[in-house]
Amino acid sequence: MSNTWPLWEVFIRSKQGIHHKHVGSLHAPDEEVAIENARDVYTRRQEGVSIWVVESKNITASNPEDSDAFYEPAKDKIYRHPTFYDLPDELKHI
Amino acid sequence: MKEADLEQKFQDKIDAEIRIEPRDWMPEKYRKTLIRQISQHAHSEIVGMLPEGNWISRAPSLKRKVGLIAKVQDEAGHGLYLYSAAETLGIDRDTMFQQLNSGKAKYSSIFNYPTITWADIGAIGWLVDGAAIMNQVPLCRCSYGPYARAMVRVCKEESFHQRQGFEILMTLMNGSQEQKDMAQNAIDRWWWPSMMMFGPTDDDSPNTVQSMKWKIKRYTNDELRQKFVDVCVDQAKVLGITLPDPDLKWNEERGHYDFGKINWDEFWNVVKGNGPCNKQRLKTRNEAYDNGKWVREAAMAYSEKRAARKAAGKVA
Ligand SMILES: [Fe+2]
Ligand SMILES: [Fe+2]
């Protein structure tokens with residue numbers, strides 16, 4: 001039997017219409033207790049209407065060391081932005 | 001990349017106010033400094049529950065009791081946010097508990113003083129939480145992302161603590177002579193230890209320069225202490241309470257209050273473990289840890305059994 005409770009990442013939706021956002025982590029023996037603990041640790045002042053917990057070991061993350069090369073392809077594509085297109089000033093609603 | 005180049009790139013990021021995140025490259029000393037600082041901070045929140053928890057069962061009214069419970073519960077939360085921030089640097093929770101329980105790790109010395117009367121709860125809220133806020137507000141801009149984010153949460157919650165403390169003292173100061181004396185006596189005992197919460201003088205804190213360069217710290221100990229004094233003098237006037245320092249006076253030239261000499265011998269003595277409650281605090285933490293062991297184990301055993309049952313059900 002493992003000695004310490006596993007680590008969980010906690011995501012909270014602060015109100016309807018807003019994404020869940022990572023708020024921190026906590027230890028709990030299982031997902032049910034993780035949700036209850038998340039409520040006590042992260043929503044003591046009604047900071048949330050919905051909680052997600054994910055065991056930390058199940059998260060796959062991009063590597064920050066590769067980030068220059070990894071995000072490079074989007075760097076020179078200024079034509080993906082509306083300001084790339086030259087239009088006359090008198091043109092409205094576009 | 002060579003170590004020196006990495007270090008230069010790291011410092012450039014810090015100088016540009018770009019936050020450092022857990023998996024980014026960082027100098028080993030930056031990591032170690034943060035692990036020490038964040039875990040000590042977490043320990044302080046946890047041990048900080050003890051002097052105040054002492055008065056929960058004896059709070060003078062239901063209103064005071066729910067307020068105090070909520071505050072103590074917040075401090076538990078602060079400890080948990082901070083432990084989880086420290087864990088992002090590669091130290092695990094149990095190691096930190098061991099460091100605290102064995103006496104190897106330090107926590108804020110202020111919590112090694114006893115809470116003798118109800119007025120102490122007011123004094124702690126006003127002065128101790130007040131000093132903590134002074135320390136913590138600049139930490140919201142600390143260069144290490146998870147620590148800074150935890151501090152934003154903490155600071156939002158702290159302001160109620162300080163207001164609650166002030167209100168407790170104000171109520172006593174509007175009461176009978178005996179109540180006024182009790183409030184004054186609490187301030188007499190808590191003022192100097194609160195001043196010590198900012199740590200040794202700048203001349204005596206060799207690590208400050210590096211921490212400022214890394215933007216872990218934004219102000220020096222003496223700068224924060226001075227801010228605290230300036231704020232408290234005016235607040236004490238509102239309370240009608242006397243801060244126990246005959247040398248406290250406005251210095252026109254500096255634009256700050258001058259204050260008397262801090263008893264650093266006392267400070268170091270408490271840090272070394274000889275304060276009035278050091279042994280008691282550690283004993284309580286150790287008992288909580290040891291007595292909670294079977295609960296932690298039972299919860300884990302239950303969830304493992306449930307997971308196994310679920311897996312078996314799927315196969316069948
Ligand atoms: Fe706190
Ligand atoms: Fe507090």
Side-chain angles (χ1 to χ4, degrees), chain A residues 1-15 18-49 51-72 75, chain B residues 1 6 9-10 13 18-26 69-88 92-98 145-147 149-154 156-157 160 292-293 295-308 310:
Chain A
M1 189 170 56
S2 45
N3 188 28
T4 21
W5 289 352
L7 188 65
W8 302 77
E9 299 302 321
V10 181
F11 301 80
I12 289 179
R13 186 202 294 288
S14 56
K15 58 178 185 187
I18 295 198
H19 291 292
H20 284 77
K21 193 174 142 196
H22 183 243
V23 293
S25 56
L26 51 76
H27 289 268
D30 57 40
E31 64 277 11
E32 276 174 34
V33 181
I35 293 257
E36 281 169 11
N37 286 359
R39 176 201 58 193
D40 292 344
V41 177
Y42 292 105
T43 67
R44 283 193 304 284
R45 289 173 179 77
Q46 298 180 284
E47 289 97 335
V49 294
I51 300 174
W52 287 350
V53 293
V54 184
E55 207 177 326
S56 309
K57 68 172 189 206
N58 292 328
I59 289 189
T60 309
S62 61
N63 183 354
E65 263 148 53
D66 300 338
S67 65
D68 281 350
F70 191 67
Y71 299 108
E72 212 282 325
K75 247 186 201 156
Chain B
M1 243 193 281
L6 285 166
K9 219 180 132 197
F10 174 83
K13 267 165 90 178
I18 297 171
R19 295 286 179 265
I20 307 302
E21 295 296 342
R23 297 175 70 228
D24 295 346
W25 185 90
M26 61 186 83
I69 291 174
K71 188 202 168 187
V72 170
Q73 197 185 3
D74 273 352
E75 305 301 2
H78 299 173
L80 294 175
Y81 308 153
L82 285 160
Y83 281 130
S84 85
E87 275 177 291
T88 64
D92 65 78
R93 184 83 50 114
D94 219 52
T95 306
M96 289 187 273
F97 288 161
Q98 299 311 334
Y147 192 25
R149 292 191 287 273
M151 279 302 109
V152 171
R153 256 172 189 289
V154 166
K156 268 190 203 152
E157 299 179 354
F160 126 69
K293 188 166 178 266
V295 180
R296 294 192 298 275
E297 285 176 356
M300 202 61 227
Y302 172 71
S303 80
E304 278 167 2
K305 200 165 154 188
R306 215 172 45 118
K310 213 166 144 189

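If you're wondering where the values come from, they're calculated on a predicted model, not measured in any experiment. Numbered from 1 within each chain, the chains take letters A, B, ... in sequence-line order.
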What part of Asp92(B) gets within 4.5 angstrom of chain A, counting heavy atoms only: side chain, backbone, both, or neither?
neither
Between Phe160(B) and chain A, which part of the residue has a heavy atom less than 4.5 Å away: side chain, backbone, both or neither?
side chain
Between Leu7(A), Asp40(A), Asp30(A), the one whose heavy-atom pairs under 4.5 Å with chain B are most numerous:
Asp30(A)
Val23(A) versus chain B, heavy atoms under 4.5 Å apart: side chain, backbone, both or neither?
both
Ignoring hydrogens and angles, tell me if any N or O in the side chain of Arg23(B) forms a donor-acceptor pair with the backbone of Glu65(A) under 3.5 Å.
no
Check for a donor-acceptor pair, side chain of Tyr81(B) on one end and backbone N or O of Tyr42(A) on the other, with a separation under 3.5 Å.
no
Top residue by heavy-atom pair count (under 4.5 Å) with chain A, among Ala299(B), Ala150(B), Ala70(B)?
Ala299(B)
Specify which of Ala61(A), Gly24(A), Ser67(A) makes the most heavy-atom pairs with chain B at under 4.5 Å.
Ala61(A)
Lys/Arg N to Asp/Glu carboxylate O, Glu32(A) vs Arg306(B), below 4.0 Å
yes
With only heavy atoms counted, which part of Glu21(B) is less than 4.5 Å from chain A, the side chain, the backbone, both or neither?
neither
Drop me the distance from Arg93(B)'s CZ to Leu26(A)'s CG, to the nearest 0.5 angstrom.
7.5 Å
Can you tell me how far the CD atom of Gln73(B) sits from the CZ atom of Arg44(A), to the nearest 0.5 Å?
5.5 Å
Looking only at atom types and distance, does a side-chain atom of Trp5(A) sit under 3.5 Å from a main-chain N or O of Arg296(B), one as donor and one as acceptor?
yes
Between Ser303(B) and Pro29(A) (side chain of the first, backbone of the second, donor and acceptor by atom type, cut-off under 3.5 Å), is there such a pair?
yes
Are more than 12 heavy atoms, taken from residues, nucleotides or ligands other than Trp25(B), located less than 6.0 Å from that residue's CH2 atom?
yes
Do you know the tightest heavy-atom contact between Thr4(A) and Met300(B)?
O-SD, 4.5 Å
First locate atom NE2 of His27(A), then atom CD of Glu87(B), and finally report the distance between them rounded to the nearest 0.5 Å.
3.5 Å
